[in-house]
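Single-structure report; data block below.
Proteins get letters first, then strands, A, B, ... in listed order; numbering begins at 1 in each. This is a predicted model, so every value here is computed, not measured.
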Amino acid sequence: MTDLLKGLNPEQKLAVTTREGPVLVLAGAGSGKTKVITVRMAFLMLWGVHPENILAMTFTNKAAGEMRERVAGLVGKDKAKLLTVGTFHSFCVKLLRAHAAEAGLAPNFTICDSSDQLAAVKGALRELRIGEASIQPSVLQGRISLMKNKLMSSESFLSTAAGDEDELVGRAWKMYEEHLRRARTVDFDDLLLFTLQLLRTNEKVRTELEHRFRYVMVDEYQDTNGPQYEIVKLIAGRHKNLCVVGDDDQSIYGWRGADVTKILSFEKDFRGAKVIRLETNYRSTAEILEAANKVIANNPNRHAKTLRSALGKGEAIVMLRGDDEASEADAAAKEIAERVRLNHSKFSDFAVLFRTQTQPRAFEEQFRLRAIPYVLIGGMSFFDRKEVRDVLAYLRLANNPRDEVSFLRVVNCPPRGIGKGSIDKAVDIATQHGISVVKVFETPELAAELPAATVDAVRTFRNTLSVFAADPGEALVGWIRQLLEAVNYRGEVDRAYPDPKTREERWQGVMEVLDMAENHVRRTRKASLATFLEALTLDAEDSRGDDKQQKKDAVTLMTLHSAKGLEFERVYLVGVEEGILPHARSVAEDTVEEERRLMYVGITRAKRHLTITLTKSRSKYGTRVDSHPSRFLYEMKGETPPKDWKAAGGAAPPVRVEKGGKRTRAKKKSAKSGAAHLPHKDL
DNA sequence: CATGAATTTTTTTTT
DNA sequence: AAAATTCATG
């Protein structure tokens, strides 16, 4: 038992051994937060707590997996298997599946991802005859989601709506809910809200959870939003054996309703809470931490903390300034290739971290030119590919014939002679009667109003699909093959992409879905179509990126948001310019503090070495725009940006520009002039 | 109805 | 620059 505590510092030990009552662990970046949680779980078990009585909530599936694995390393696989470790969302899905009726949901409810959500929002607007000119669907989607995450209901919003725009939003919101209900689907936010509602109204379920989960832990507590907080309170509020771990300096999900004040007011919400601070950083060198500390010190509202490095001073931070994004990427690629060639590092030691999803493109190109292996994490690009979305829509439709969004998506793909006109008409009729489009085709009187040819084509289509009404269970892969065969999806790919090369690429996407299905069946006990679809929507990210990343030695490319919680030997923090980091929109919306935390997260991912890069100009919407060094670069050096630093020809950047050397150029395009190079302090 | 051309819009971050 | 959407033609 004492072995477990070996290698923990006094604060960590305290966090691990405080068994009863509320505990808040304020854990700075790299201070051994995950270690504390995992050892704590192991310690509880050695104390005689049954693993089934322990619940740990994480923010991502990846974090959940890692946590379980690490606990398994301490107490053995068999015990670790009995723990409940997962994201709020996956926890909620399980609970809602088990109590669908009590929660007011259909037994086969599906979860819609954000593009389905967007489609539903558009449907709602169309139904209300609100032109997309008056409000942008994606904006509306964001507003609805944000309000839900702030625990507002459409009713209460409408009743307090002030102004035409709010009223419009409120009405659209209600219609959106109606759409989801008709399609028997819920969005991500609903998973939390329905769970909350269930726990509030159903005492039996609530007491069951209270009794089962005697010890509750929440990771990344600073990212907890309203509904999540309430759920935790309902489960752990009685026994109060709640340990939350987080860092207010790493709160980067405010735009999603995360509420930093929750971590600041924990002591008030849970009386007598023990507060433990972890400020020794075991991850990064002093050079890196000094930069991080300096930047974050500019945030006024925070629990003051200063990270102390347990490691030495280390290498100086390096800055590179390229002429444009190609040169920026090329400079990084060149360095990486060189280090690996000299055997100083391997590719997987490196990560390139960026703010927005447009940035990785240039890096992908340059990495390809130099044959540097890389994995692009997130980006959702795979699931955004048309053919993948089509296949998924087919699967969803088979799983839930009322899934309107999926129905509309594939009803004429491949073309079946069902035109847009007829579909619009059908949607109209559905609207008038307050029923789903699918239902219109099921009701002969209503279908009679549509062109006979269309009705016929839809009937044929549905007959084809009806063969696949039953969930195939573990025979999933063959079943999907047959389904694709039956609707002649291969034919659609051939038709839509005459160029054999792109055709092959597209088909590859379809095959990848099959691969994923196979993996799913292999890894999941009682796999089925339903579990597969759920896994796809809930852990879209890690179900693929993950094993790829492990499989090969490759550079990691990802957003700052997805980098949280991870660490790399050598980090390239890229595009550190005004307008990108901080993002222009954050500047406009006055949320620069959160951007600063993002910068802080980025810096503190690096263990031994950090390179910050930027450009002199980059193309935006297709035209070139001058770029300016981020204010955070000045802050990092303890300076404030000069007034005119963004004016053309304004102040010199806070980095000394050395005339950089030779450039390799594969072909096309300018040999770029030297990327600026600057050691921060001397080595 | 389907196809391809012309146009418009797009860029925050994610479970 | 690329993608999405609308328009015009067969």
Establish, for the pair [X] and [Y], whether the NZ or CZ atom is under 6.0 angstrom from the six-membered ring centre and no further than 45 degrees off its axis.
X: A/Lys122; Y: A/Tyr176; result: no
X: A/Arg597; Y: A/Tyr600; result: no
X: A/Arg97; Y: A/Phe109; result: yes

C1' spacing across the pair B/dT13 / C/dA4, given as an integer number of angstrom: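 About 22 Å, rounded to a whole number of Å.
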
C1'-based separation of B/dT11 from C/dT6 [nearest Å]: 22 Å

Proximal nucleotide (of [options]) relative to the [X] side chain:
X: A/Arg361; options: B/dT13, C/dA2, B/dT15; answer: C/dA2
X: A/Lys122; options: C/dT5, B/dA2, B/dT14; answer: C/dT5
X: A/Tyr621; options: B/dT14, B/dT11, B/dC1; answer: B/dT11

Respond yes when some side-chain nitrogen or oxygen of [X] is under 4.0 Å from OP1 or OP2 of [N], and no when none is.
X: A/Thr623; N: C/dA1; answer: no
X: A/Thr358; N: C/dA2; answer: no
X: A/Lys62; N: B/dT14; answer: no
X: A/Thr559; N: B/dT14; answer: yes

NA contact type, [X], heavy-atom cut-off 4.0 Å: base, sugar-phosphate, or nothing?
X: A/Glu589; result: base
X: A/Phe59; result: sugar-phosphate
X: A/Ser138; result: nothing
X: A/Ser422; result: sugar-phosphate

Closest-nucleotide 5' rank along DNA chain B - winner of A/Phe188 and A/Asn412: A/Asn412

Closest-nucleotide 5' rank along DNA chain B - winner of A/Arg585 and A/Gln117: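 Nearest-nucleotide comparison on DNA chain B picks A/Arg585.
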
Ion pair check, A/Glu578 and A/Arg631, cut-off under 4.0 Å: yes

Carboxylate-amine/guanidinium contact A/Asp187 A/Lys148, below 4.0 Å: yes

Between atom [atom1] in [X] and atom [atom2] in [N], what is the gap in whole Å?
X: A/Asp187; N: B/dT14; atom1: CG; atom2: P; answer: 18 Å
X: A/Phe194; N: B/dT15; atom1: CZ; atom2: P; answer: 22 Å
X: A/Lys425; N: B/dC1; atom1: NZ; atom2: P; answer: 11 Å
X: A/Ile111; N: B/dT15; atom1: CD1; atom2: P; answer: 14 Å
X: A/Leu598; N: B/dT14; atom1: CG; atom2: P; answer: 10 Å
X: A/Ile377; N: B/dT13; atom1: CD1; atom2: P; answer: 15 Å
X: A/Leu191; N: B/dT15; atom1: CG; atom2: P; answer: 13 Å
X: A/Gln141; N: B/dT11; atom1: CD; atom2: P; answer: 11 Å

Ring centers of A/Phe354, A/Phe363 separated by less than 6.0 Å: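 When the ring centroids of A/Phe354 and A/Phe363 are compared, they turn out to be at least 6.0 Å apart.
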
A/Arg624 and A/Ser619 side chains, donor-acceptor separation under 3.5 Å: no

A/Phe441 and A/Phe407 aromatic ring geometry - parallel, tilted or perpendicular at 30°/60° bounds: tilted

Aromatic ring pairing A/Tyr394/A/Phe461, orientation class (parallel under 30°, perpendicular over 60°, tilted between):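 Rings of A/Tyr394 and A/Phe461: perpendicular, over 60°.
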
A/His561 side chain vs A/Ile252 backbone, donor-acceptor pair below 3.5 Å: yes

Minimum heavy-atom distance between A/Asp223 and A/Ala258, given as atom pair plus value: O-CB, 3.4 Å

For DNA chain B, stems built from three or more consecutive Watson-Crick or G-U wobble pairs below 3.5 Å: B:1-10 with C:1-10

Stacking of A/Trp255 on B/dT13 base (centres under 5.5 Å, planes under 30°):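 Yes.
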
Could you write out each protein N or O paired with an N or O of nucleotides 5-7 of chain B at a distance under 3.5 Å?
none

